Amino acid sequence: MLVDVPLAALAGLPRAESAPASGRTFYLETFGCQMNVHDSEKVAGVLLARGYRPTTDPERADLVLYNTCSIREKAAQKVFTHLGKFKKAPEQNRSVAVLGCVAEQEGERIFDRAPWVSLVCGSASYRRLPELLDRLEAGERRVTGLGLDVDETFETDVTRRDHPFRAYVTIIEGCDKHCTFCVVPSTRGPERSRASGPILAEVARLAAAGYTEVQFLGQTVDSWRDPGPPGLRFSQLLLAAAQVPGIRRVRFTTSHPRDFGPDIVRAIEDCPAICEHVHLPVQSGSTRVLERMRRRYTREEYLETISLIRSARRPISLTTDIIVGFPGETEDDFALTLDLLERAGYDGVFAFKYSPRPNTPALEWSDQVPEPEKSRRLALLLERQRQIQIERNRKMIGQTLEVLVDGRHEARGQWTGRTSSNRVVNFTSPATDLLGQYTQVAISQAGPNSLVGEHTL
Ligand code: 5AD
């Protein structure tokens, strides 16, 4: 969802009056991961630069866009439910567009299923959006931007960021890992790293516009390699970004265990501005399952990586993704995943039931786990993890933590923000305007998913 914030990034754009779509409105809704959220910020920037104005009412928008997710079946289905509401769009002279992973996955089949859709565009084709929008505006009915034959990233200087002080920055797009459960290589294409020059220039522009936190994004962010001189490593890029004047926090997500090296831990240890949080999806605690998933590491190798993280001089919070009920996952395999939860002591877990996806090898496998069994395993895992998080968060009571304030609950009289470790903290304060500020909060209570405290002045 877009919120109205100062459009710092739009300075210098063509005036709306002279743009092709002057006066037309767009509604853009986003599903899925942070990459999608950030892609939508870039798409919104392109639309604004053409003279479109944002609206929060899909019923009144001239152009309705859904930026879609197909990581699991449910997410992909949701889009078609939404699309069903716009059958009359063409006769009302309105256009409907499907962007993102469902667009790439389903391609022109979307026109068969929802003939009122007139633009289908995958993320690897966003560079072509101006041309595709020209054709749409000229009245063409079935415009497509599909195909993954790309070796570039989507560079635009008109990004319309939703958040006033925390900014996403794409550093690597696509994925080459080809895990047997995952659609990403077929929806986002091959891995492409952006050069360090443009990345650091973007960080400097963001700092100049008042942003203090940047979050580097990539499906496998730590496999970033500088394609040009000076040939930085990922950890060196983190350090360079942290040195940009005005930048107080540098985050990054999502790391792949195979690419995660000790130099990243060292960078976090040495540089307070690099956030003390690593999101390191394990997917399963069983080497047998990991092999079938084609994750390219064993349980033991993963445990070694997390012991490296856990032994850092700075406490680093660790979160993960887990899939339960992957084809062939036995009760013993699942027990190994539960055991890994204990050993890792995660600060947060996103857990999912395996969902068979098109264009992935595991879809065809005959040893699928029955749905009720997947549900049982998921519930067990989440309950165990809930206890672990309560225990871990309770250890924060009595500490004073720095929080970047990003919201206010009027009804509860509380501010909310995040620590460097990415924990949510709700707190009271006599101050009247804290948004965007870094404040010291004394922690007094802890739940599984958040902390409560008081602002120490
Ligand atoms: N089924 C269930 N979960 C999946 N994920 C990716 N593909 C699937 C799938 N087919 C999960 C993984 C990944 C997260 C973003 O989504 O845990 O890390």
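In listed order, ligands and their atoms are each counted from 1. Keep in mind it's a predicted model, so treat the numbers as computed, not measured.
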### Task
List the closest protein heavy-atom neighbour of atom 1 (N) of ligand 1: residue, atom name, distance to the nearest 0.1 Å.
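The answer is Ser355 N, 2.9 Å.
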### Query
Closest non-hydrogen protein atom to atom 2 (C) of ligand 1, residue and atom name please, with distance?
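Ranking protein heavy atoms by distance from atom 2 (C) of ligand 1, first comes Lys353 O, 3.3 Å.
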### Query
Looking at NZ of Lys177 and CD of Gln219, how far apart are the two atoms once the value is rounded to the nearest 0.5 Å?
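Separation between the atoms: 11.5 Å.
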### Task
Starting at CG of Leu237, measure out to CD1 of Ile199 and round the result to the nearest 0.5 Å.
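These two atoms lie 5.0 Å from each other.
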Pull out every atom of ligand 1 sitting under 4.0 Å from any heavy atom of [X], numbered as shown with elements.
| X | answer |
| --- | --- |
| Gln283 | 12 (C), 13 (C), 17 (O), 18 (O) |
| Arg72 | 1 (N), 2 (C), 3 (N), 4 (C), 5 (N), 11 (C), 16 (O) |
| Ile71 | 5 (N), 6 (C), 7 (N), 8 (C), 9 (C), 10 (N), 16 (O) |

### Task
Pick whichever of Val183, Asp321, Val324 has a heavy atom sitting closest to atom 13 (C) of ligand 1.
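It is Asp321 whose heavy atom sits nearest to atom 13 (C) of ligand 1.
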### Query
Of the options Glu371, Glu331, Glu383, which is the one that meets Arg376 in a salt bridge (charged side-chain N to carboxylate O under 4.0 Å, His left out)?
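For Arg376, the salt bridge (charged side-chain N to carboxylate O under 4.0 Å, His left out) check succeeds only for Glu331.
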### Query
Taking both backbone and side-chain atoms of Phe181, is any N or O found less than 3.5 Å from an N or O belonging to ligand 1?
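Looking only at distances, the answer is yes, because the N/O contact criterion of under 3.5 Å is met.
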### Query
Is there side-chain contact between Arg188 and Leu148, with at least one heavy-atom pair below 4.5 Å?
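In short, these two side chains do not touch, never coming nearer than 4.5 Å.
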### Query
Less than 4.0 Å between a side-chain N and a carboxylate O, is that true for Glu291 and Arg288?
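Answer for the salt bridge query: no.
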### Task
Return the set of residues passing ring pair (Phe, Tyr, Trp, His ring centres under 6.0 Å) with Phe165 (not counting sequence neighbours), or none when no residue passes.
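Result, ring pair (Phe, Tyr, Trp, His ring centres under 6.0 Å) vs Phe165: His163.
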